[in-house]
Amino acid sequence: MPHVITQPCCGDASCVYACPVNCIHPTPDEPDFATAEMLYIDPDTCVDCGACVTACPVGAIAPIHRIPDGQERFTAVNAEHYGDQPPSVPRFPVDALWRKPLAPISKPKAFDGLPDPMEIAIVGSGPSAMYAADELLKHAQVRVTMFERLSEPFGLARFGVAPDHKATRSVADLFNTIAAHPRLQILLNTHIGTDLTLEQLRADYDAVLWAGGAPTDRRLEIPGVDLPGVQSATSVVGWYNGHPDFRETAPALTGDRAVVIGNGNVALDVARILTADPNRLADTDIALEALAALRGSTVREVLVVGRRGPEHGAFTLPELIGLADGPARVWVDPADLTDVDVAALDSREDAEKVALLRELAARPQPAAPFIRLAFGLTPQEVRGAERATGVRFVRTGTDETVDVDASLVFTAIGYRGRPIPDLPFDDANGTVANVAGRVTVDQEPVPGLYVTGWIKRGPTGFIGTNKTDSRETVDHLLADADAGLLPRRRTAVGA
């Protein structure tokens with residue numbers, strides 16, 4: 001029986017390289033890998049060997065007869081990615097001459113010109129940092145020191161994933177394995193810029209790799225956004241995950257309705273946690289203070305609002321399936337779906353999203369507390385005098401105003417990197433200026449400085465996307481070292 005990839009897919013592609021028959025796509029060398037919402041197993045090719053199950057760091061793969069409850073829909077999602085194939089054209093024929101090429105597997109290149117030892121500093125300890133360290137430590141000459149500002153490592157994997165997404169959070173097991181490597185040292189509670197300067201790191205190490213992520217949210221520029229009762233979804237995620245920077249950002253969970261402006265995966269996470277049964281959350285890693293606040297919440301409805309139509313929802317199909325088929329109570333007003341022509345959509349994923357939204361709209365409005373997904377509303381202002389009392393929208397593309405009463409307003413329109421002292425910053429993209437991971441000034445590489453993760457490419461992709469991204473940066477770092485292009489380290493580490 002074939003295997004199926006389910007909602008927790010993190011996209012790190014370990015399964016791709018484990019598969020002996022090339023049945024998992026897109027692969028990192030295929031053009032749609034960077035934009036794919038998940039990976040997919042071709043049921044006509046899968047030989048049921050189970051190698052992908054072992055390789056997956058988040059337990060997202062299961063044989064078709066053992067799919068977890070609430071994930072059954074992914075059987076069709078995987079199959080439909082490949083479309084219909086004539087039964088006379090097997091994708092993995094016995095004759096090897098007719099087989100598709102297997103996914104490329106590259107062994108670590110041997111570098112003769114690396115310093116020995118080669119000391120690398122990595123700033124940050126989130127997914128991109130851990131994947132970069134894993135790649136670097138494949139070379140015996142390399143020793144890595146990681147600098148983490150917080151008292152716990154792993155960044156987004158620890159403090160950014162919703163507590164009820166237990167499978168996704170289990171990627172920390174992989175990072176713990178990497179962290180145990182004898183040539184990796186992680187220094188916690190160490191802030192680069194306060195405890196040490198970037199210049200000191202450049203003097204002490206052969207190369208510095210910045211992996212600090214995109215730690216701030218994009219600001220919604222409308223009147224009233226600074227009123228009490230308005231805050232970013234980022235701060236709410238940090239609050240319920242126990243992030244030390246957000247312990248004082250607990251929302252006042254009073255009133256009947258909260259509005260979330262934006263409808264990406266983070267918006268759905270916030271809405272789901274705010275309407276979840278606290279008894280179910282008690283079995284997760286949610287911060288105890290947040291759990292206590294949720295037990296006393298009076299919020300009956302969380303309205304998640306998107307500016308564009310339902311066919312352009314920013315949430316991914318896997319996240320929507322998890323919302324629709326899980327314990328959350330969610331509903332869509334049928335009126336929001338009347339003008340959507342599914343046949344005109346170019347994307348299979350978008351068509352499947354609309355079909356699922358129509359299924360939600362056909363359900364009875366659920367009991368409170370529940371989530372309502374709304375579309376085609378552009379925020380104009382947050383209403384209120386002393387604190388937020390609602391949001392005024394216009395129907396996108398019209399002059400019709402829609403006023404929504406709410407005691408809480410959360411903005412969830414994306415993350416953004418912030419400037420870093422002594423590193424060139426691309427303000428338009430919210431990233432450190434770089435070319436394929438090499439930090440640049442006027443398009444010219446700065447010797448010994450590298451970047452990876454969201455601060456390199458912007459806040460796109462998933463936890464596992466950082467694996468391919470970090471490999472690109474590390475490949476260039478090692479090639480530069482091998483070619484003698486790194487500056488000479490001025491001091492011995494620890495001197």
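As the structure is a prediction and not an experimental result, all values here were calculated from the model. Values below: all heavy atoms of this structure, side chains included; hydrogens, waters and symmetry mates excluded.
Electrostatic pairing of Arg416 and Asp427 counts as a salt bridge here, judged by a charged N lying under 4.0 Å from a carboxylate O. Between Arg372 and Asp336 there is no salt bridge, since none of the side-chain N atoms of the basic residue sits less than 4.0 Å from a carboxylate O of the acidic one. Of the charged side-chain nitrogens involved, none lies within less than 4.0 Å of a carboxylate oxygen, so that Glu381 and Arg383 do not count as a salt-bridged pair. A salt bridge between Asp226 and Arg219 is present, with a side-chain N of the basic residue lying under 4.0 Å from a carboxylate O of the acidic one. The pair Arg73-Glu352 fails the salt-bridge criterion, with no side-chain N (NZ, NE, NH1 or NH2) lying under 4.0 Å from an Asp/Glu carboxylate O.
Two residues are said to be in side-chain contact when any heavy atoms from C-beta on lie closer than 4.5 Å; Phe159 and Leu150 meet this criterion. Met38 places none of its side-chain heavy atoms less than 4.5 Å from the side chain of His81. Pro366 is not listed as a side-chain neighbour of Val330, based on a closest heavy-atom distance of 4.5 Å or more. Inter-residue side-chain proximity for Glu319 and Asp269 is flagged as met; some heavy-atom pair is nearer than 4.5 Å. Val259 is listed as a side-chain neighbour of Phe393, based on a closest heavy-atom distance under 4.5 Å. Side-chain contact between Pro43 and Tyr40: absent, with no pair of heavy atoms (C-beta onward) separated by less than 4.5 Å.
Minimum heavy-atom separation, Gly322 to Gln7: CA-OE1, 3.2 Å. Counting all heavy atoms, side chain and backbone alike, Leu303 lies closest to Val404 at CD2-CG1, 3.8 Å. Across Ile455 and Gly430, no two heavy atoms sit closer than the pair CD1-O, 4.1 Å. The shortest non-hydrogen separation linking Pro379 to Ile261 is CG-CG2, 3.8 Å. The two residues Ile41 and Cys52 make their nearest non-hydrogen contact at CD1-SG, 4.2 Å. Summarising the geometry of Ala36 relative to Pro26, their closest heavy-atom pair is CB-CG, 3.6 Å, with the distance given to 0.1 Å.
The local environment of CG in Asp339 is sparse, with at most 12 non-hydrogen atoms from other residues, nucleotides or ligands closer than 6.0 Å. Within a 6.0 Å sphere centred on CG of Asp32, other residues, nucleotides and ligands contribute more than 12 heavy atoms. With a 6.0 Å radius and a threshold of 12 heavy atoms from other residues, nucleotides or ligands, Arg66 has its CZ atom at or below the threshold. By the 6.0 Å contact criterion, CG on Asp69 is open, its count of non-hydrogen atoms from other residues, nucleotides or ligands being 12 or less. Other residues, nucleotides and ligands contribute only 12 or fewer heavy atoms inside 6.0 Å of the CZ atom of Arg218.
Summarising the geometry, atom CG belonging to Asp44 is positioned 10.5 Å from atom SG belonging to Cys23; distances are rounded to the nearest 0.5 Å. Leu274 CG to Glu301 CD: the interatomic distance, rounded to the nearest 0.5 Å, is 12.5 Å. Here the CG-CG distance, from Leu320 to Asp325, works out to 9.0 Å after rounding to the nearest 0.5 Å. Between Ile67 atom CD1 and Thr75 atom OG1 the span is 3.0 Å, to the nearest 0.5 Å. Atom CD1 of Ile286 sits about 4.5 Å away from atom CG of Leu281, to the nearest 0.5 Å. Rounding to the nearest 0.5 Å gives a distance of 7.5 Å between CD1 of Ile5 and SG of Cys56.
The backbone N or O of Thr465 lies less than 3.5 Å from no partner atom in the side chain of Thr468, so there is not a single donor-acceptor pair. Formation of a donor-acceptor pair under 3.5 Å by the Ser125 side chain with backbone atoms of Phe154 is found in this model. Remark: the backbone N or O of Arg395 is paired with a side-chain donor or acceptor of Thr398 at under 3.5 angstrom. A donor-acceptor pair is defined here as one N or O able to donate and one able to accept, closer than 3.5 Å; such a pair exists between the side chain of His476 and the backbone of Ala436. Listed for the Asp12 side chain is no donor-acceptor partner under 3.5 Å among the backbone atoms of Cys10. Between the side chain of Asp469 and the main chain of Gly453, a donor-acceptor pair closer than 3.5 Å is present. Under the 3.5 Å distance criterion, the side-chain polar atoms of Asn78 are matched with a main-chain donor or acceptor of Phe74. Checking side-chain atoms of Gln231 against main-chain N and O of Thr249 turns up a donor-acceptor pair under 3.5 Å. No donor-acceptor distance shorter than 3.5 angstrom exists from the side chain of Ser297 to the backbone of Leu294, with no hydrogens or angles considered. A donor-acceptor distance shorter than 3.5 angstrom exists from the side chain of Asp277 to the backbone of Asn279, with no hydrogens or angles considered.
No side-chain donor from either of Asp164 and Thr284 sits under 3.5 Å from a side-chain acceptor of the other. Of the N and O atoms on the side chains of Ser407 and Thr254, not one donor lies less than 3.5 Å from an acceptor on the other residue. Between the side chains of Lys467 and Ser14, a donor-acceptor pair is found at a separation under 3.5 Å. Thr378 and Thr396 share a donor-acceptor pair across their side chains, judged by distance under 3.5 Å alone. For Arg307 and Asn263, the side-chain atoms include no donor-acceptor pair closer than 3.5 Å. Side-chain polar atoms of His165 and Thr168 form no donor-acceptor pair below 3.5 angstrom.
Less than 6.0 angstrom separates the ring centroid of Tyr131 from the ring centroid of Phe175.
Judged by the 6.0 Å and 45° rule, Arg363 forms no cation-pi pair with Phe370.
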What's the verdict on side-chain contact (heavy atoms from CB on, under 4.5 Å) for Val391 and Leu377, showing C-alpha distance, side-chain angles and the deciding distance?
-> CA-CA 11 Å; Val391 183; Leu377 296 173; over 6 Å; no
Is there a salt bridge (charged side-chain N to carboxylate O under 4.0 Å, His left out) between Asp285 and Arg158 once you walk through the steps?
-> CA-CA 10 Å; Asp285 290 332; Arg158 167 63 183 86; over 6 Å; no
Please walk me through it: do Val230 and Leu220 pass side-chain contact (heavy atoms from CB on, under 4.5 Å)?
-> CA-CA 11 Å; Val230 182; Leu220 179 64; over 6 Å; no
From CA spacing to verdict: side-chain contact (heavy atoms from CB on, under 4.5 Å), Trp210, Val439 | CA-CA 9 Å; Trp210 197 281; Val439 174; over 6 Å; no
Apply side-chain contact (heavy atoms from CB on, under 4.5 Å) to Phe246 and Thr234, showing your working.
-> CA-CA 9 Å; Phe246 298 105; Thr234 304; 4.3 Å; yes
Report the C-alpha separation of Lys353 and Glu37 in whole Å, then their side-chain angles, then the decisive distance to 0.1 Å, and conclude whether the salt bridge (charged side-chain N to carboxylate O under 4.0 Å, His left out) test is met.
-> CA-CA 12 Å; Lys353 288 178 189 177; Glu37 295 188 343; 3.1 Å; yes
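Considering Thr431, Thr473, Asn466 in turn, Thr473 is the only one that fulfils the side chain to side chain donor-acceptor pair (under 3.5 Å) rule with Lys456.
Ring pair Trp454/Tyr415 is tilted by interplanar angle, where 30° to 60° counts as tilted.
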